[in-house]
Amino acid sequence: MSNHNIASACTSEQCRRGLSAKTAMRWIDAQGNRCDYSFGDLETQSNRFANALASLAIGEGDIVFTFLPKMPEQFFAFLGTLKTRAVCGTLFANFGEEALLDRLGDSGAVCLVTRKSLYKKVARIRERLPALKYVILVDGDDDPANGVIGYARVMAEAASDYGVQPTGADAPSVLHYTSGSTGKPKGVLHRHGSLASQIATSQTVLGLKEDDVYWCTADQGWVTGTSYGIIGPWALGVTQLQYGGGYEAQTWMDLLEREEVNVWYSAPTALRMLMREEESIFASAKLPRLRTIFSVGEPLNPEVIAWSRRLLRHDIYDTWFQTETGAIMISNRPGLEIRPGSMGKPCDGIEPAVLADDGSVQPDGEQGNLCLKTGWPSMFVTYLNNQSVYGSKFKNGWYYTGDTARRDADGYFWFMGRSDDVINTAGHLISPFEVESALLEVEEVAESGVIGAPDDLLFEKVVAYVQLHQRFQPSRELELKIRLHVSNRASSIATPQEIVFCDGIPKNKSGKIMRRVLKARYLGLDAGDTSTLEI
Ligand code: AMP
């Protein structure tokens, strides 16, 4: 069996090609301290981590999660886990207890790699996670009674060579949970064979060349952070800048300039934040090495492209994909004329279509369901423990993405929206159901309905309609209490930007929250057919 192992491709294969001494990761922490790791370092650190897992009898068939901010250990643990042929899931460091419980509980993860400050959240739910045998603390010591392992100790004891067993293309690899509009988040499972799509698009869309310095700002908790912040670029032997600090316009410009970044992959909200800054920051930036800027996650407004052309003297190429697709499916790219506002054209080997609800192809210019002909290498293999929902996404050889779009006569695709109630805030998909569930845990809240409303910066903001039990009154303190609760239970990004206190939540006769009606109410529009409305 030939070896399709993603982690071998990112490390051992690069060393075999003679790149062991080449910088794989230029790590810069939030304070600006810098440390270079070569492909040889990535190889030995991930080997050690693989051996550490093996010493705990963790391997093929197991699920290991990382719950870390961007930091070197994130990358070593991800690659080391894949070397053992265990599945690696990644958790966004802002997740709250309920979000963690849903994901770790549903997946039956046996091991979690985290740090002390984040472990506090896990410790509070640990007894509800019977499958979770080990917690590896990157900044902690052994605590055998609680199944806690000190990273430094276990890595020091682990050998630096590791023989990766042949890994088939269908062997499961990466797990990301994604939010739907109903039910709990779904575990999107990928396979090692996804590497083919991630490599191909890193070449044909991102245009990565071996001597490039590349910076992807996405967090490793999301698919962009793994497919294009780890896998594709390293499997091509490209040097990646990994920056552990947050958004700060001047720092970002300094990084692009000083680190001589050639290819930069970011997101519309971050780019819109830059657009709001003083123009002098960009006028003084010297970016002779910067070749291309890419964006993903939300619609890219034409104004952002115009701003970048004027101040950064570069185009921004929009790309479209989702957790389930594992790699970029539709994109703008050098060599293809940009139509500002369009997501671009299909990538090689990808066949998208805009289908009506009856499955017929919509004429050009008409809106419909954005679908993809099945069979590309990085297509997800299932929703973990949820085969029926997985099956419902496919019809007649088409995968239904949940997005609506239109195609123009020249074959460009234009994003129109979601066909469900999922909210896209700053590129993060938020389930209204998850926020509603968290809201109902607040003592004062009787009912709630959560919608996404247009926002100039975030694309959409989370708006919560809240009906209180009769004995309670709305107040500023209560608003704060509600916000804090959602942040602790779900995540800070799911926290409502706006809370609207109301006397009733519209529901249909079977008790389903009519978010469409709430949205129309919020926007001051006609709610359409409300004949099935209860309240
Ligand atoms: P996720 O699975 O969290 O990566 O989110 C994928 C979803 O984000 C897609 O289904 C779209 O709704 C949205 N999305 C991603 N890229 C774009 C884009 N370039 N333009 C518009 N929406 C996008």
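Atoms considered below: every heavy atom in the structure, side chains included; atoms not considered: hydrogens, waters and symmetry mates. Order of appearance sets the numbers: ligands from 1, and atoms from 1 within every ligand.
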[X] and [Y] ion-paired at < 4.0 Å:
X: Glu279; Y: Arg310; answer: yes
X: Asp410; Y: Arg339; answer: yes
X: Glu98; Y: Arg103; answer: no

Numbering as shown, the atoms of ligand 1 that approach [X] to under 4.0 Å (heavy-atom distance):
X: Asn424; answer: 8 (O), 13 (C)
X: Thr319; answer: 16 (N), 18 (C), 19 (N)
X: Thr323; answer: 1 (P), 2 (O), 3 (O), 4 (O)
X: Arg418; answer: 10 (O), 12 (O)
X: Gly297; answer: 8 (O), 13 (C), 14 (N), 15 (C), 16 (N), 17 (C), 23 (C)

For [X] and [Y], test the side chains for any donor-to-acceptor distance below 3.5 angstrom and give the result as yes or no.
X: Asn369; Y: Trp398; value: no
X: Gln220; Y: Thr90; value: no
X: Lys83; Y: Thr11; value: yes
X: Tyr243; Y: Thr217; value: no
X: Ser492; Y: Asn94; value: yes

Among all protein heavy atoms, pick out the one at the shortest distance from [atom]; state its residue, atom name and that distance to 0.1 Å.
atom: atom 17 (C) of ligand 1; answer: Trp320 CD1, 3.4 Å
atom: atom 18 (C) of ligand 1; answer: Glu298 O, 3.4 Å
atom: atom 9 (C) of ligand 1; answer: Asp403 OD2, 3.3 Å
atom: atom 21 (C) of ligand 1; answer: Pro299 N, 3.3 Å
atom: atom 10 (O) of ligand 1; answer: Gln322 NE2, 2.8 Å

* Is it true that Gly402 lies under 4.0 Å from ligand 1, counting heavy atoms only? ->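 Checking ligand 1 against Gly402, which is what was asked, there is no heavy-atom contact under 4.0 Å.
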* Phe321, portion touching ligand 1 at heavy-atom distance under 4.0 Å ->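 Just the backbone.
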